[in-house]
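Treat the numbers as computed from the prediction; the structure is a model and nothing was measured.
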Amino acid sequence: MEMNLRNRLKATIPDQLALTPQKKEEILEAAHVRFEQQQTPVKKHVWKPVAVGFSALALTALLSYPFIDEIKEQLMISQISEQSYEEVSIPGRSANTLSTAVFDDATNSFYYYEGNTIYSYALDTHIEKAEVTSEFPISKMLVNENWLVWMADDRNSVFVKNRETLEIKGFSTDTFIDFEDDTLLTTISDTRTGHTIYSLTNLRTNEVKQFKQAFDNSAVSQPIYQDNKLLLPKAFKKDGVEMVRFTLYDVGTEKEKQYDLPFKGIHDVALTGHKIYASFQTGESLETGYVDLVDGSYHKLDAKALFLKAYQNNLALHEWIPKEEKYRFRFYQVEEDGSLTPIYAFKDVSLALLAQGYTKEGTLQVFGINEKYLTEDGMHEAKDDAIKIFLQRYY
């Protein structure tokens, strides 16, 4: 006897798939009804299986029916659109203070600064704590499970606090750019030689590795340090033709690779999952794509993003929306063929969204901005609903 299709579908949907039980049941029921309607009561087994490919959802070849692609698409879209998010409330803090907030997965806490003080707010206990009080107002901050790093106004110094020993030390530099584990990426402009010097400082051993790059005033994104690799974007001319170059240093092996592309500049770049995602300047327009670091090939994406954030195959794009005639953040999953599947996780949020970025663990931090409270100088009025913070954790 032929096994009920509904039961077979249920057996092949992975338990770890991020769907609510209700949504799973809705899709399974719809599939079963569709199957029953297509049966011919006079003859058994008159339908012919149609070959379909294996999907990321592990649907087996037994499910080879004419409508299975539609079911597969429903499952994929449902999985993506139902990825839950958390709205975070930090009481007693202004919108401008909340706009400095950075999330740390290791402690499940937010860190933010106001005036001369850096604070933490633990989501588990809802307790705020003063972490650091500086002699001068804080102007910039980064945090991970090992270190708290900050700069103060008009001071060419970086201060570092060891979160285990509570020791604080400082050193001179123009600014810091990126941060991973125990390594901090800083930069100094050497006007004498015409170079920017990028330094990778191990905060435990004080070991420093330096890289130089000639000054460039064209549209180029800042460097990235991730997975023990340093990515330096650059714009240049080759035989009179404007080009961009990605130089990727493997800090561990000290090997270097370069990737040249025929664009005029780079507005934003992300390094993740063996791919370099970037927003390129083509002249009067923009192009978004990625370089596959496995084979060096370039792939254009169907989007025109001014800014972008990426984690694995998840993208947050500050994309031009023609119908609204403005830029909006849109969220996508990049498929194996390079197509973009929309992620609708924030579809019920009526605020303008601004993606702060992904953490190393893949948690996406998003600001929701109530545009009616924005002032002409880009600040926010002191209203409780001027800015909201959202988290979407990666599973």
Side-chain angles (χ1 to χ4, degrees), residues 55-56 76 79-80 83 105 177-181 183 185 198 200 211 213 219-235 243-253 255-282 286-319 329-343 345 355-366 392-395:
S55 76
M76 181 180 296
Q79 177 193 17
I80 295 170
Q83 290 179 359
D105 286 283
I177 298 176
D178 213 345
F179 191 35
E180 186 177 66
D181 297 331
T183 303
L185 172 61
Y198 299 105
L200 290 173
F211 305 84
Q213 188 178 64
V220 176
S221 176
Q222 68 180 14
I224 293 175
Y225 177 69
Q226 186 169 304
D227 297 331
N228 209 30
K229 294 180 176 63
L230 176 63
L231 177 65
L232 297 180
K234 176 183 178 180
M243 303 282 289
V244 298
R245 171 174 292 167
F246 294 119
T247 301
L248 187 66
Y249 295 95
D250 189 312
V251 179
T253 64
K255 292 183 178 180
E256 171 188 323
K257 287 186 178 181
Q258 293 183 338
Y259 306 89
D260 292 351
L261 296 169
F263 295 106
K264 296 180 180 296
I266 308 168
H267 283 285
D268 206 3
V269 64
L271 175 63
T272 180
H274 304 292
K275 292 183 177 69
I276 302 173
Y277 290 96
S279 170
F280 298 101
Q281 179 183 335
T282 62
L286 297 171
E287 180 173 317
T288 304
Y290 67 87
V291 176
D292 190 326
L293 298 179
V294 176
D295 57 15
S297 60
Y298 172 72
H299 303 264
K300 180 180 178 181
L301 297 175
D302 186 21
K304 294 183 178 181
L306 187 61
F307 303 110
L308 59 84
K309 308 293 181 183
Y311 180 80
Q312 303 298 340
N313 289 327
N314 290 342
L315 282 180
L317 303 180
H318 194 226
E319 184 179 8
F329 262 97
R330 294 291 185 262
F331 305 91
Y332 299 98
Q333 179 169 292
V334 182
E335 307 302 336
E336 291 185 4
D337 61 359
S339 62
L340 298 177
T341 298
I343 296 177
Q356 169 74 3
Y358 291 92
T359 66
K360 183 180 178 180
E361 289 76 11
T363 299
L364 175 62
Q365 179 182 335
V366 176
Q392 185 185 61
R393 302 178 192 264
Y394 184 83
Y395 298 100

Asks: Applying side-chain contact (heavy atoms from CB on, under 4.5 Å), can you list everything that pairs with Gln356, at least two apart in sequence or on another chain?
Replies: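 For Gln356 the side-chain contact (heavy atoms from CB on, under 4.5 Å) partners, ignoring immediate neighbours, are Val102, Gln365, Phe367.
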Asks: Report yes if the side chains of Asn313 and Lys275 come closer than 4.5 Å at any heavy-atom pair, otherwise no.
Replies: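 Of all side-chain heavy-atom pairs linking Lys275 with Asn313, at least one is under 4.5 Å.
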Asks: Partners of Asp227 by side-chain hydrogen bond (donor to acceptor under 3.5 Å, both in side chains), sequence neighbours excluded?
Replies: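 Counting only residues at least two positions away or on another chain, Asp227 forms no side-chain hydrogen bond (donor to acceptor under 3.5 Å, both in side chains).
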Asks: List the residues meeting side-chain hydrogen bond (donor to acceptor under 3.5 Å, both in side chains) with Ser297, not counting sequence neighbours, and say none if there are none.
Replies: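 Scan of Ser297 (side-chain hydrogen bond (donor to acceptor under 3.5 Å, both in side chains), adjacent residues dropped) gives Asp295, His299.
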Asks: What pairs with Asp337 under side-chain hydrogen bond (donor to acceptor under 3.5 Å, both in side chains), at least two apart in sequence or on another chain?
Replies: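 Asp337 satisfies side-chain hydrogen bond (donor to acceptor under 3.5 Å, both in side chains) with Ser339 once adjacent residues are dropped.
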Asks: Using every non-hydrogen atom in the two residues, find where Ile266 and Lys234 come nearest and quote the distance to one decimal.
Replies: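 For Ile266 and Lys234, the tightest heavy-atom pair comes out as CD1-N, 4.4 Å.
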Asks: I need the minimum non-hydrogen distance between Pro342 and Leu340, along with the two atoms involved.
Replies: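 Heavy-atom minimum between the residues: CD-O, 3.7 Å.
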Asks: Can you list the residues that meet the side-chain contact (heavy atoms from CB on, under 4.5 Å) rule with Lys300, with sequence neighbours excluded?
Replies: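 Result, side-chain contact (heavy atoms from CB on, under 4.5 Å) vs Lys300: Glu287, Tyr298.
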Asks: Taking side-chain hydrogen bond (donor to acceptor under 3.5 Å, both in side chains) as the definition, give me every residue that meets it alongside Lys304, ordered by chain and number, with sequence neighbours left out.
Replies: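 side-chain hydrogen bond (donor to acceptor under 3.5 Å, both in side chains) check on Lys304 returns Ser285.
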Asks: Taking all non-hydrogen atoms of both residues into account, name the closest pair between Ser279 and Leu306 and its distance.
Replies: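 So the two residues come closest at OG-O, 3.6 Å.
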Asks: Please identify each residue that fulfils salt bridge (Lys or Arg N to Asp or Glu O under 4.0 Å) with Lys360, with sequence neighbours left out.
Replies: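 Lys360 satisfies salt bridge (Lys or Arg N to Asp or Glu O under 4.0 Å) with Asp181 only.
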Asks: Begin from the C-alpha positions of Gln226 and Thr272 and carry the test side chain to side chain contact (heavy atoms under 4.5 Å, CB included) through to its verdict.
Replies: CA-CA 8 Å; Gln226 186 169 304; Thr272 180; 4.1 Å; yes
Asks: Tell me, with the steps shown, if Leu301 and Leu317 meet side chain to side chain contact (heavy atoms under 4.5 Å, CB included).
Replies: CA-CA 11 Å; Leu301 297 175; Leu317 303 180; 5.8 Å; no
Asks: Roughly how far apart are Leu271 CG and Leu231 CG, rounded to 0.5 Å?
Replies: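 That separation rounds to 5.5 Å.
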Asks: Could you go step by step and tell me if Ile276 and Ile224 meet the side chain to side chain contact (heavy atoms under 4.5 Å, CB included) rule?
Replies: CA-CA 10 Å; Ile276 302 173; Ile224 293 175; over 6 Å; no
Asks: Can you name the side-chain contact (heavy atoms from CB on, under 4.5 Å) partners of Ala316, sequence neighbours left out?
Replies: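 side-chain contact (heavy atoms from CB on, under 4.5 Å) check on Ala316 returns Lys309, Phe329, Phe331, Ala355, Tyr358.
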Asks: Considering all heavy atoms of both residues, which atom of Pro223 and which atom of Pro233 are nearest to each other, and what is their separation?
Replies: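 Answer, listing the atom of Pro223 first, then Pro233: CA-CD, 3.9 Å.
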Asks: Report the relative orientation of the aromatic rings in Tyr290 and Tyr277; use parallel for angles under 30°, tilted for 30 to 60°, perpendicular for over 60°.
Replies: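 The arrangement is tilted - the two ring planes meet at 30° to 60°.
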Asks: Got a second to check how far Gln333's CD is from Gln312's CD, nearest 0.5 Å?
Replies: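 It comes to 11.0 Å.
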Asks: Using the test salt bridge (Lys or Arg N to Asp or Glu O under 4.0 Å), find all partners of Asp260 that sit at least two apart in sequence or belong to another chain.
Replies: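 Checked Asp260 against salt bridge (Lys or Arg N to Asp or Glu O under 4.0 Å); matches are Arg245.
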Asks: Restricting to ring-ring contact (aromatic ring centres under 6.0 Å, His included), what partner residues turn up for Tyr249, sequence neighbours left out?
Replies: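 Tyr249 satisfies ring-ring contact (aromatic ring centres under 6.0 Å, His included) with Phe211 once adjacent residues are dropped.
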Asks: Please assess Thr288 against Leu286 for the test side chain to side chain contact (heavy atoms under 4.5 Å, CB included), listing each intermediate value before the final yes or no.
Replies: CA-CA 7 Å; Thr288 304; Leu286 297 171; 5.8 Å; no
Asks: Using side-chain contact (heavy atoms from CB on, under 4.5 Å) as the criterion, list what pairs up with Thr183, not counting sequence neighbours.
Replies: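 For Thr183, the residues satisfying side-chain contact (heavy atoms from CB on, under 4.5 Å) (neighbours in sequence not counted) are Leu200, Tyr225.
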